[in-house]
2 protein chains.
Amino acid sequence: MKKKLSISDIARSLNISVTTVSFILNGRAEEKRISEELVQRVQKYIAEVGYKPNSLARSLRTGKSNTIGLMVEDISNPFFANIARMIEDNAYKNGYKILYCSTDNDTEKTKDLIQMFQERHVDGYIIAPPDGVEEEINTLISSGSPVVLFDRNLPGVHTDYVGIDNYGSTYHAINYLIRKGYKNIAFITLYSLQSQMQERMQGYESALAEHQMNQHIKEIPYSNDPDDIIKHVSAFLSRKKEVDAVLFGTNYLAVSGLRAIYNLGLKIPSDLAVIAFDDHDVFELSNPSITAIKQPIQEISGEVINLLLKGLKSPSKLKKPESLILKTTLELRKSSK
Amino acid sequence: MKKKLSISDIARSLNISVTTVSFILNGRAEEKRISEELVQRVQKYIAEVGYKPNSLARSLRTGKSNTIGLMVEDISNPFFANIARMIEDNAYKNGYKILYCSTDNDTEKTKDLIQMFQERHVDGYIIAPPDGVEEEINTLISSGSPVVLFDRNLPGVHTDYVGIDNYGSTYHAINYLIRKGYKNIAFITLYSLQSQMQERMQGYESALAEHQMNQHIKEIPYSNDPDDIIKHVSAFLSRKKEVDAVLFGTNYLAVSGLRAIYNLGLKIPSDLAVIAFDDHDVFELSNPSITAIKQPIQEISGEVINLLLKGLKSPSKLKKPESLILKTTLELRKSSK
DNA sequence: ATGAAAGCGCTAACAC
DNA sequence: GTGTTAGCGCTTTCAT
């Protein structure tokens with residue numbers, strides 16, 4: 001277990017000053033007009049002894065940690081896991097590491113988490129926020145940290161946002177079902193004030209209203225336990241026999257919803273047509289396969305990290321917030337006739 | 001944007017020394033016999049002004065970062081995403097944050113990643129390693145960092161490990177297929193030297209050997225692109241018409257494999273029985289549902305974090321490595337007659 | 001029971 | 001071009 005080397009050890013061994021070493025380390029040799037030969041010598045020595053700067057000390061000194069805080073609803077949800085993966089790749093490529101956490105859509109938990117990240121001096125935040133954390137996020141922003149929101153926006157928070165056209169997505173999906181002749185179209189969604197869920201609901205309502213059709217809405221409280229969801233969906237569908245099509249508000253509602261539907265012995269699409277919001281491997285391989293509103297995950301992650309890196313580069317005050325609303329696609333499969 | 005407070009600001013405002021504040025902050029007031037009244041006063045003030053110690057400075061001083069490095073094959077794979085979620089919950093509960101990364105089973109990438117984590121002074125490592133990083137991991141261990149390996153073990157590395165009975169799992173699965181009367185059972189697996197894949201292969205081979213049955217093995221190179229896998233599986237199955245059952249070595253091989261099977265127009269289980277290694281939402285909801293070898297994810301994560309926390313507490317030298325081999329269950333579904 | 005002060009390893013303003 | 005040095009904010013030894 002050899003002793004960790006420090007910059008002064010290097011300087012001493014080479015008989016030069018720490019400043020010189022530091023400048024070379026930070027690629028400022030040219031700028032400081034340090035002789036090419038010295039640079040070579042230092043780099044060779046550093047490689048030889050395997051010296052690595054202590055990033056903690058560096059961070060303490062510079063105030064930058066080269067770390068990004070990623071806060072999602074649940075890292076085990078495939079939508080977020082996929083986004084996390086793409087963001088990771090991009091961040092590492094740019095010299096940033098990722099600290100992650102799952103909020104469970106819990107406002108208090110999220111506040112704690114934000115504080116933890118703050119104490120850790122993460123350089124920037126990527127957040128899919130629950131509602132109720134507007135104030136904390138505004139504090140973050142006004143203290144100069146770049147923040148990119150995604151998946152759901154926060155009213156009253158002035159920062160970069162990447163989302164999708166939720167309203168249009170459900171609006172079109174419902175119109176598709178109407179064209180196919182379904183008469184009683186239900187919307188099974190999360191009991192939530194989050195912007196994306198509200199917009200999805202509005203799209204559903206508008207489409208029905210335009211055709212003077214009845215609403216059948218079921219809002220289910222957020223839960224980590226699939227069985228809770230299954231129970232709610234079962235109860236709803238057993239009660240509402242007239243429902244002949246259902247749009248699920250999120251992918252995991254749909255996954256649990258499918259279980260409920262199979263448990264009830266309902267046949268898709270003859271008894272019930274199904275569309276899910278957010279795609280999932282399950283939907284392609286189910287039999288029948290399930291039509292889904294597909295978010296452009298790659299594009300979302302790309303824009304998110306892109307905006308954050310931009311924010312990291314330029315002082316946030318100079319940059320005015322951008323909002324990107326991306327298009328979804330309705331992936332037609334066999335779950336509707 | 002108010003100036004960040006430091007411990008000396010607190011001390012100055014309260015007219016006491018930083019030492020005292022530090023002791024109180026670190027819960028050593030009792031031990032240092034600081035008057036109860038002073039402790040109260042300091043804590044009240046700290047809460048009032050919202051002072052938060054700078055964890056960077058603390059880490060620099062103590063050498064502990066309260067961060068755990070989590071390295072998995074691919075965070076977007078549901079198996080790893082689920083483990084990540086459970087590990088996160090436990091770690092945060094114990095005051096640790098998680099830095100994660102995906103190795104893509106790439107030896108060189110993993111070496112880089114290990115180095116990055118080392119530079120970050122993570123306190124401990126949880127790794128599902130590719131092969132070829134034995135040396136790097138041994139260096140980590142001998143430098144005193146606790147390391148817990150999971151999912152696959154590394155020969156020659158002496159550290160905690162949590163895995164499953166891979167050999168027994170495939171052995172039993174194949175025997176089950178044999179009992180059901182299948183004659184030409186294929187094993188579609190990863191082209192890999194990793195311990196868990198080798199063991200799975202051995203279980204397959206032993207079971208067949210005991211019944212003097214022919215092997216049909218297809219090893220597919222690791223790829224992030226599902227289409228690559230689909231192509232390989234399609235080619236293999238079109239060539240090997242006699243195959244009447246197939247065991248997939250990992251869940252994502254099975255997910256892509258199912259696509260290949262459907263593309264070829266094969267019917268499960270009449271044309272082909274299917275078993276997957278690792279469960280997945282897809283398998284339960286597919287029609288027919290797919291039999292799978294299910295890993296006890298909760299138990300795995302629990303043991304992993306448990307071992308790591310143990311290692312974090314006691315100097316690793318004093319602790320002798322533990323290896324935990326957990327049992328899987330064969331989740332019988334409809335993909336075999 | 002409390003305080004002074006020496007660093008942890010690094011960066012960068014300033015001096016030469 | 002290169003060196004000296006003052007911190008970044010904290011912990012902890014040693015002194016009182």
query: Between C:dC10 and A:Tyr51, is there an OP1 or OP2 to side-chain N/O distance shorter than 4.0 Å?
result: yes
Among the nucleotides D:dT13, C:dG9, C:dA12, whichever has the atom closest to the side chain of A:Phe23 is C:dA12
Using only side-chain N and O atoms of B:Asn54, determine if any of them is under 4.0 Å from OP1 or OP2 of D:dC8. no
Out of D:dC10, C:dG3, D:dG9, minimum distance to the side chain of B:Ile16 belongs to C:dG3
- Query: Is the shortest side-chain N/O distance from B:Arg33 to OP1 or OP2 of C:dA1 below 4.0 Å?
  - Reply: yes
Heavy-atom nearest nucleotide on DNA chain D taken for A:Val18 and for A:Ile34; more 5' hit belongs to A:Ile34
The nucleotide from D:dC10, D:dT2, C:dC10 with an atom nearest the side chain of B:Ser6 is D:dC10
A:Leu38 CG to D:dG3 P, in whole Å, measures 8 Å
Report the relative orientation of the aromatic rings in A:Phe150 and A:Phe79; use parallel for angles under 30°, tilted for 30 to 60°, perpendicular for over 60°.
tilted
Exercise for review: Please confirm whether any donor atom in the side chain of B:Thr19 sits under 3.5 Å from an acceptor in the base of C:dA4, or the reverse.
Suggested key: yes
### Query
Is the distance from OP1 or OP2 of D:dG3 to the nearest side-chain N or O of A:Thr20 less than 4.0 Å?
yes
With the side chain defined as heavy atoms from C-beta on, B:Thr62 is closest, among C:dT2, C:dG9, D:dT11, to D:dT11
(Q) With a 4.0 Å limit, can you tell me whether A:Arg61 has a side-chain N or O closer than that to the phosphate oxygens OP1/OP2 of D:dG7? (A) no
Among the nucleotides C:dT2, D:dC8, D:dG3, whichever has the atom closest to the side chain of A:Ser17 is D:dG3
